[in-house]
Each structure stands twice: as structure tokens, then as C-alpha cells.
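Notes follow once the structure below has been shown.
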Amino acid sequence: MLFYLYMTGNKSVTVPGRCAGEGRFVRQMGPPGRYGVIDLVLEPGEESFGPCVLSWEVSESQIPLAFLDGVISAIKHVMTEEEFAGDYLYNTVIRVVGGDYNQTDSKLSCYARATVLALHAALIKAGLYVPALTAQAGDTAA
């Protein structure tokens, strides 16, 4: 399934090439547990493609569609963080290619957090996200 993610802002950025990220949010201390695992791949869209597209490529047994809202909310959240190089992704495909689900412990918030972790990892590889601690360390070293 494809979902078009229309985001606005002054500065659009696109990924320079294919980059992947894995997000694992697993907390099994005490009931109820927390469990969400998601694997993302970011790829440039076709030439003059346009918007950012979310491609949902997982089965219902990997990640139920009920958690899609948490994934989309997390993507929008990451785009608002200061560490992100732009205001939104343009001409980019975000592919959800894998994940894991636990009937008892998986919650919407777990997939939102796992998506943030996966997107951070992929954007760091693409050079479009600089974690705050790395930026501060670089500033003090100069």
C-alpha cells in the first residue's frame, strides 16, 4: 500500500541514495510489556517524483495495519526535530520492509517509538540527521 505524505516547510531535502534503519523498542520489565520492531528503507523517488511516499510492504502478521497511525505520526515528528537537515522529505520513498509484533505487548506508542529510532538511523546514514550530542561534541572540539 502506498500513502502520500504531504509535508510543508521552507526547506525540502531528499535522500542521496538507499539507506536502511532498524527500530527496536522492546521493554519487557513488568506487565504489560512494550514491544515494537520496524525496519525502514529510504530511497530517492523517480525523477521529478514529488512528494514523500510511505510504502507499507509488511504483512498483517509482521505489523498489523492498526499501527500505521503511530508510524505516520513518528515520521512527521522526526521532520520537526532540530537535528533533521530540512523541514520535510521530498522525492523520497519510505519503505516499511519488515518488523515484528507481539499480540500482548505491542501498542501504537511502541511502533511510534520504534519508527523514530529506525528513521533516525536511516537519516544519519544519509547524512540528513545529526544527533544533538554529536553536534555539541563537534562544537566543543572546534
Side-chain angles (χ1 to χ4, degrees), residues 1-29 32-142:
M1 283 187 268
L2 294 178
F3 300 91
Y4 291 90
L5 304 177
Y6 292 99
M7 296 175 255
T8 60
N10 295 325
K11 183 179 177 189
S12 66
V13 294
T14 188
V15 294
R18 186 180 194 278
C19 46
E22 178 189 38
R24 295 184 57 81
F25 184 71
V26 179
R27 305 290 184 268
Q28 299 296 304
M29 301 283 285
R34 301 283 184 253
Y35 190 88
V37 178
I38 192 165
D39 297 321
L40 301 175
V41 174
L42 303 180
E43 297 176 335
E46 299 294 323
E47 194 172 316
S48 69
F49 178 68
C52 182
V53 172
L54 175 64
S55 177
W56 192 261
E57 302 173 14
V58 291
S59 68
E60 189 75 10
S61 63
Q62 286 177 294
I63 304 174
L65 197 55
F67 297 116
L68 176 64
D69 285 342
V71 172
I72 292 173
S73 296
I75 292 168
K76 290 180 179 180
H77 171 76
V78 171
M79 300 300 124
T80 64
E81 293 179 338
E82 287 183 25
E83 296 83 4
F84 179 58
D87 293 326
Y88 62 97
L89 286 171
Y90 180 78
N91 199 33
T92 301
V93 178
I94 302 172
R95 297 176 51 221
V96 178
V97 296
D100 198 18
Y101 164 74
N102 179 284
Q103 187 174 1
T104 304
D105 295 335
S106 291
K107 313 260 183 297
L108 187 72
S109 60
C110 301
Y111 283 95
R113 184 66 186 135
T115 301
V116 167
L117 295 170
L119 197 52
H120 282 172
L123 289 171
I124 288 169
K125 290 176 187 173
L128 297 175
Y129 190 90
V130 179
L133 294 176
T134 304
Q136 290 173 358
D139 291 342
T140 58

Quiz item: How long is the span from the SG atom in C110 to the CG atom in D105, to the nearest 0.5 Å?
Solution: 8.0 Å
Quiz item: Are there more than 12 heavy atoms of other residues, nucleotides or ligands under 6.0 Å from atom CD of Q103?
Solution: no
Quiz item: Do V71 and I38 pass the side-chain contact (heavy atoms from CB on, under 4.5 Å) test, and can you show the C-alpha distance, the side-chain angles, and the key distance before you say yes or no?
Solution: CA-CA 9 Å; V71 172; I38 192 165; 3.8 Å; yes
Exercise. Compare all side-chain heavy atoms of V93 with those of L42 and state whether any distance is below 4.5 angstrom.
Key: no
Self-check item: Exercise: do D100 and Y35 side chains pair donor with acceptor under 3.5 Å
Solution: yes
Quiz item: Which is it for D87 and M79 under the side-chain contact (heavy atoms from CB on, under 4.5 Å) test, yes or no, and what are the steps along the way?
Solution: CA-CA 6 Å; D87 293 326; M79 300 300 124; over 6 Å; no
Quiz item: Counting only N and O atoms by type, is there a donor-acceptor contact under 3.5 Å from the side chain of T92 to the main-chain atoms of P44?
Solution: no
Quiz item: Quick check: does any side chain N or O of S12 sit under 3.5 Å from a backbone N or O of Y90, one acting as donor and the other as acceptor?
Solution: no
Practice problem: Drop me the distance from E22's CD to L40's CG, to the nearest 0.5 angstrom. | Solution: 10.0 Å
Quiz item: Parallel, tilted or perpendicular: which fits the ring planes of Y4 and Y6, with parallel below 30° and perpendicular above 60°?
Solution: parallel
Practice problem: Identify the two heavy atoms, one from G36 and one from A114, that lie closest to each other, and give their separation to 0.1 Å. | Solution: O-CB, 3.5 Å
Quiz prompt | Side-chain heavy-atom pair I75, L119 within 4.5 angstrom cut-off | solution = yes
Self-check item: Approximate separation, where rounding is to 0.5 Å, of L108 CG and S73 OG
Solution: 7.0 Å
Exercise. Hey, could you give me the CZ/CG distance between R95 and L2, rounded to the nearest 0.5 Å?
Key: 11.0 Å
Self-check item: Flag side-chain contact, heavy atom, 4.5 Å: K76 against V78
Solution: no
Quiz item: Does I94 reach the side chain of C52, with side-chain heavy atoms less than 4.5 Å apart?
Solution: yes
Quiz item: Testing F25, Y101, F67 for ring pair (Phe, Tyr, Trp, His ring centres under 6.0 Å) with Y111, which one passes?
Solution: F67
Quiz item: Are the side chain of E57 and the backbone of G98 linked by a donor-acceptor contact shorter than 3.5 Å?
Solution: no
Self-check item: Within-4.5 Å side-chain heavy-atom neighbours: V96 and L54
Solution: yes
Quiz item: Heavy-atom distance under 4.5 Å between the side chains of L5 and V53, does that happen here?
Solution: no
Quiz item: Counting only N and O atoms by type, is there a donor-acceptor contact under 3.5 Å from the side chain of T80 to the main-chain atoms of H77?
Solution: yes
Self-check item: Contact check, side chains of E60 and L65, non-hydrogen atoms, under 4.5 Å
Solution: yes
Quiz item: Can you name the closest pair of heavy atoms from V58 and G99 and give their distance?
Solution: CG1-N, 4.5 Å
Quiz item: Quick one: are Y88 and T8 in side-chain contact, heavy atoms under 4.5 Å?
Solution: no
Self-check item: Considering all heavy atoms, the nearest A118-G23 contact
Solution: CB-N, 3.4 Å
Practice problem: Compute whether any side-chain donor of one residue and acceptor of the other, for H120 and E81, lie under 3.5 angstrom apart. | Solution: yes
Quiz item: With no hydrogens and no angle check, is any side-chain donor or acceptor of K107 less than 3.5 Å from a backbone partner on R34?
Solution: no
